[in-house]
Amino acid sequence: MFAAVDLGSNSFRLHIGEPVAGDMRIVRSARDPVRLAAGLGTDGNLTAEAIATALGSLAGFAQILQEYRLDDVRVVGTNTLRVARNAPEFLPLAEKALGYPIEVISGEEEGRLVYMGVARALGDTGERRLVIDIGGGSTEIVAGSGNATALVESFSIGTQPQAARFFADGCIEHARFEAATTMARAMFEDAAPAYRAHGWSAVYGSSGTMRAMAEAIARGALGDGTLSLAGLGALRAALVACGHVDRVDLPGLKRERVVAVLGGVGILTGAMQELGIERVCAINAGLRLGALSDLELRSLQHDRRELAILACMDRFGVDATRAERTAAIALRLYGQLGAADASGLHYLGWACMLHEIGLAVSHTGAHKHGAYLVEHVDLPGFTTREQRLMATLVLGHKGNLRKIRDALGEPALARMVLALRLAVACMHARVDEDLDGFRVRMKSRIEVELAPGWLATHPTMRFWLERECTAWEDAGQTFQFREA
């Protein structure tokens with residue numbers, strides 16, 4: 001049984017699911033309309049009130065999660081937590097309230113998870129489809145076929161800033177909708193040709209805002225009764241007729257959804273006009289179902305992150321043989337250091353596979369170029385925090401350690417850095433087949449113990465080990481090596 005928590009810009013949502021005969025059966029759901037994006041102040045920080053509301057919601061979710069025996073839990077933060085300046089201060093408080101770590105995912109990863117959820121709900125029919133997710137802070141558009149994505153893009157346009165920009169005083173006018181639609185078209189116009197070239201046989205809308213618009217159109221018999229341009233035009237006219245946010249009273253449209261719909265109408269209209277979409281089918285599936293499906297895949301040893309690493313290596317021309325040799329040595333040394341936690345093994349192995357990625361930019365300062373690429377490249381399945389961790393390892397795999405000195409205060413990360421640096425040295429010196437004579441310990445100091453005559457057999461390793469002595473001592477850590 002798995003749980004997925006979506007810390008969205010409009011609402012916090014929770015799904016607890018159980019895989020049954022190929023389907024994901026949702027056994028518990030919860031939703032809290034916290035409107036986190038509305039809590040962003042003009043300085044880009046979440047306000048104290050917004051933080052308090054969010055923490056209260058998470059504490060309630062924590063009580064729900066405690067009622068179940070869960071095999072894994074994934075908590076993802078989206079656009080507002082990506083852009084909030086004080087997110088680093090908020091996240092530890094949020095994790096404490098919820099009881100689980102929070103992953104702030106990229107817009108592209110958000111789009112992929114949304115598509116996974118939609119594909120899981122529809123089944124792998126091979127259908128060429130387009131999925132649109134309009135959130136409080138961003139909009140994701142994904143083109144794919146069956147379970148596979150082909151185009152994923154996140155656009156910095158969401159219902160909350162759109163509503164605040166065009167309807168801040170509550171007045172609803174035709175000219176304001178026109179301006180909102182024009183702005184949306186401008187956001188999508190550059191990417192539109194690629195999506196049109198891919199093509200689709202069906203378009204799905206996955207967000208709560210999308211379902212709210214579809215329900216208001218259907219219940220009010222507006223336009224042709226569907227989420228089409230005619231239906232959206234009729235919904236817009238009905239909202240204009242109300243004149244003000246406080247007077248909106250349309251069948252099927254809940255009061256708490258009015259502001260999101262005001263922002264969503266212009267966004268969806270602009271997207272449909274620019275991409276040439278005739279009709280959207282609102283579907284009750286998306287990010288949370290995608291996150292649950294991803295957890296299930298990981299439990300079955302089908303981790304999307306492995307494929308992402310391989311694709312990245314191919315993209316930047318990484319020498320796979322050297323990378324694999326380095327990873328094999330590093331994981332062995334990491335085990336000698338008494339560190340065998342699964343997550344550490346994963347991150348260390350992945351960092352080894354990418355440690356020479358910076359050579360695609362320049363041999364000079366390759367580790368610095370590599371760290372930047374690993375932190376910022378699009379890696380499906382990875383969170384911002386995970387990529388930053390791997391980037392730190394890549395940055396620290398050679399040269400001085402002063403540049404990551406603060407990170408070395410974390411013992412687990414220090415062990416990964418040590419294992420990677422020694423693995424790179426061993427790879428360069430080609431001692432892969434003779435590691436039985438190489439032992440490393442890291443406690444109050446780092447000690448490398450070598451079998452008698454080992455350095456005579458591998459003379460260049462003395463150079464590498466002497467460099468390590470200097471690097472670690474500069475970082476405040478004693479490093480010693482000797483033959484037994």
Side-chain angles (χ1 to χ4, degrees), residues 4-13 15 29 31 33 35-37 74 76-83 103-122 127 129-144 147-163 184 187-188 191-192 194-195 198 200 202-215 227 232 257 260-261 263-272 274-275 277 279-294 378 380-381:
V5 180
D6 168 15
L7 307 184
S9 298
N10 278 330
S11 301
F12 286 1
R13 293 173 174 269
H15 267 4
S29 292
R31 173 180 176 271
R35 296 186 65 198
L36 194 65
R74 188 170 186 191
V76 297
T78 57
N79 184 262
T80 298
L81 293 181
R82 288 194 290 267
V83 303
E103 309 171 3
V104 179
I105 58 176
S106 68
E108 290 74 20
E109 176 63 5
E110 182 179 352
R112 277 185 287 267
L113 287 175
V114 166
Y115 187 91
M116 283 182 69
V118 172
R120 183 64 179 269
L122 295 174
E127 173 186 68
R129 57 178 69 113
L130 193 70
V131 175
I132 304 175
D133 185 87
I134 299 175
S138 64
T139 295
E140 284 67 46
I141 302 181
V142 189
N147 290 326
T149 59
L151 293 171
V152 184
E153 192 157 348
S154 180
F155 301 87
S156 56
I157 183 170
T159 61
Q160 179 57 43
Q162 284 295 91
M187 297 294 292
F188 300 126
Y195 285 98
H198 179 272
W200 55 80
V203 183
Y204 298 93
S206 66
S207 63
T209 298
M210 200 77 75
R211 294 190 294 275
M213 290 189 291
E215 187 170 356
L227 199 53
L232 283 169
R257 291 284 195 185
V261 165
V265 167
I267 295 173
L268 183 57
T269 302
M272 293 177 71
E274 204 59 36
L275 274 70
I277 297 170
R279 183 171 285 101
V280 176
C281 175
I283 185 171
N284 189 18
L287 179 59
R288 291 170 303 288
L289 183 55
L292 290 174
S293 299
D294 200 30
D378 184 21

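Here the structure is a predicted model, which means the values were calculated and not measured.
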Less than 4.5 Å apart, side chain to side chain, heavy atoms only: is that true for [X] and [Y]?
X      : Y      : answer
Ile132 : Leu275 : no
Ser138 : Arg82  : yes
Arg120 : Leu292 : no
Glu110 : Val76  : no
Asp133 : Val118 : no
Leu232 : Leu268 : yes
Val142 : Arg112 : no
Asn79  : Gln160 : no

Going from [atom1] on [X] to [atom2] on [Y], what distance comes out if it is rounded to the nearest 0.5 angstrom?
X      : Y      : atom1 : atom2 : answer
Leu122 : Cys281 : CG    : SG    : 8.0 Å
His15  : Arg74  : NE2   : CZ    : 15.0 Å
Leu227 : Tyr204 : CG    : OH    : 13.5 Å
Thr149 : Arg129 : OG1   : CZ    : 11.5 Å
Leu130 : Tyr115 : CG    : OH    : 9.0 Å
Asn10  : Thr159 : CG    : OG1   : 4.0 Å

Taking all heavy atoms of [X] and all of [Y], pick out the closest pair and write down the distance.
X      : Y      : answer
Met213 : Val265 : SD-N, 3.6 Å
Ala192 : Glu274 : CB-O, 3.7 Å
Gly77  : Leu81  : CA-CD1, 3.8 Å
Ala184 : Gly270 : CB-CA, 4.1 Å

If the plane angle is over 60° it's perpendicular, under 30° parallel, otherwise tilted; pick one for Tyr195 and Phe155. tilted

Please check if the side chain of [X] supplies one atom and the backbone of [Y] the other of a donor-acceptor pair under 3.5 Å.
X      : Y      : result
Arg211 : Ile283 : yes
Ser207 : Ile134 : yes
Glu140 : Ser154 : no
Thr78  : Leu7   : yes

Do Arg257 and Glu215 meet the salt-bridge criterion of a basic N to acidic O distance under 4.0 Å?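 No salt bridge links Glu215 with Arg257.
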
